[in-house]
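Contents: one structure, followed by commentary.
All values below come from the heavy atoms of this structure, side chains included, with hydrogens, waters and symmetry mates left out.
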Amino acid sequence: MPKENRTVFSGAHDYFANTVLPENVSAHLRRIRTPMSYTNNRDQTFFLIRHGTGNIDVNGLKYKLRPNTLINLGPFHRYRFLPSRREELEVAEARMNSGTYMYMVANPYLKYENFSVPSQPPIVYLKGLSAQIANDSMDGLLSEAKSDSSDSIQLCFCYMMNFLGIITDHMEKGYFSPIEKKSK
């Protein structure tokens, strides 16, 4: 008997829904007042700085943080947050399994002639409509991560795709191109 309540990713996307789609997405807010210890990242993670200034140290490289900074941190990076003196960083964080990231970058709607996964994390400083979309998407993720609805995971995936689209649109295009070595 056919399923009555098929998910939005059914049919042609059964492989994705049954194999790649995460079983859960975690999302939460953190308030950081003192430098963190290093953390080894194991998931596909998006951070959105909501308040405060400081730095994020990723694999020994420091990047400036301010409100509406969006960071895409893949697995196997080592990181820590360093708030500015007398400041509190408010960081919204969303995580899903790294296999989902592979599906996201292989998405047939995301087309680039040359696309490579960079070793440095994509970090963008947003304003205007892009900042609003990122904040609305993070609000949706924070809400759906607490939800028991049957379509919660699919909605979270769509919010994560918003982040990937924003990062891709705001990074310098050369950032996503492989570095070609000159032949001698």
Side-chain angles (χ1 to χ4, degrees), residues 25-96 98 100-101 104-105 107 109-145 155-179:
V25 172
S26 65
H28 63 276
L29 280 174
R30 283 202 244 181
R31 288 179 172 73
I32 304 166
R33 292 186 180 102
T34 60
M36 288 177 45
S37 298
Y38 277 102
T39 301
N40 292 316
N41 193 42
R42 296 175 190 251
D43 301 310
Q44 176 57 32
T45 307
F46 286 96
F47 297 111
L48 180 63
I49 307 305
R50 292 262 173 110
H51 177 76
T53 61
N55 292 292
I56 184 171
D57 182 330
V58 180
N59 304 328
L61 299 172
K62 284 193 173 101
Y63 303 90
K64 296 251 183 236
L65 301 175
R66 63 179 185 240
N68 296 317
T69 302
L70 181 61
I71 303 160
N72 177 209
L73 193 63
F76 312 114
H77 288 285
R78 196 172 137 96
Y79 74 95
R80 68 183 181 147
F81 286 103
L82 306 156
S84 295
R85 191 173 171 161
R86 297 188 188 103
E87 288 254 2
E88 177 181 80
L89 277 174
E90 183 179 276
V91 181
E93 176 179 326
R95 296 176 173 271
M96 71 168 71
S98 57
T100 304
Y101 175 73
M104 290 167 73
V105 298
N107 185 317
Y109 303 108
L110 182 65
K111 293 287 183 191
Y112 286 95
E113 187 175 321
N114 294 309
F115 187 87
S116 62
V117 178
S119 60
Q120 297 177 18
I123 298 175
V124 294
Y125 305 98
L126 305 173
K127 57 185 174 182
L129 183 59
S130 295
Q132 185 64 49
I133 292 169
N135 278 286
D136 289 349
S137 293
M138 187 58 81
D139 288 343
L141 274 161
L142 291 165
S143 175
E144 290 300 325
L155 290 171
C156 287
F157 175 79
C158 292
Y159 291 132
M160 294 286 225
M161 283 300 295
N162 282 348
F163 291 146
L164 184 64
I166 290 168
I167 290 268
T168 304
D169 284 346
H170 285 80
M171 291 300 297
E172 293 178 29
K173 297 309 171 213
Y175 187 85
F176 293 103
S177 297
I179 298 171

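- Side-chain contact between Pro121 and Tyr63 is present, with heavy atoms from C-beta onward closer than 4.5 Å.
- Within the model, atoms CG of Leu65 and CG of Leu48 stand 11.0 Å from one another, a figure rounded to the nearest 0.5 Å.
- Residues Arg50 and Met138 have side chains in contact (heavy-atom distance under 4.5 Å, counting atoms from C-beta outward).
- Using a 4.5 Å cut-off on side-chain heavy atoms (C-beta onward), Met171 and Val124 make contact.
- Pairing each heavy atom of Arg80 with each of Met36, the nearest pair is CD-O, 3.3 Å.
- Ring geometry for Phe47 versus Phe81: interplanar angle over 60°, hence perpendicular rather than tilted (30 to 60°).
- With 3.5 Å as the limit, one finds no donor-acceptor pair spanning the side chains of Arg66 and Thr53.
- Checking Asn59 against His77 by side-chain atom types alone, a donor-acceptor pair falls below 3.5 Å.
- Contact annotation: the side chain of Phe46 never approaches that of Leu141 to less than 4.5 Å [non-hydrogen atoms, C-beta and beyond].
- Between the side chain of Asn162 and the main chain of Ala134, no donor-acceptor pair closer than 3.5 Å is present.
- Looking only at side-chain heavy atoms (C-beta outward), Lys64 and Thr69 stay at 4.5 Å or farther from each other.
- No donor-acceptor pair under 3.5 Å is formed between the side chain of Asn72 and the backbone N or O of Ile167.
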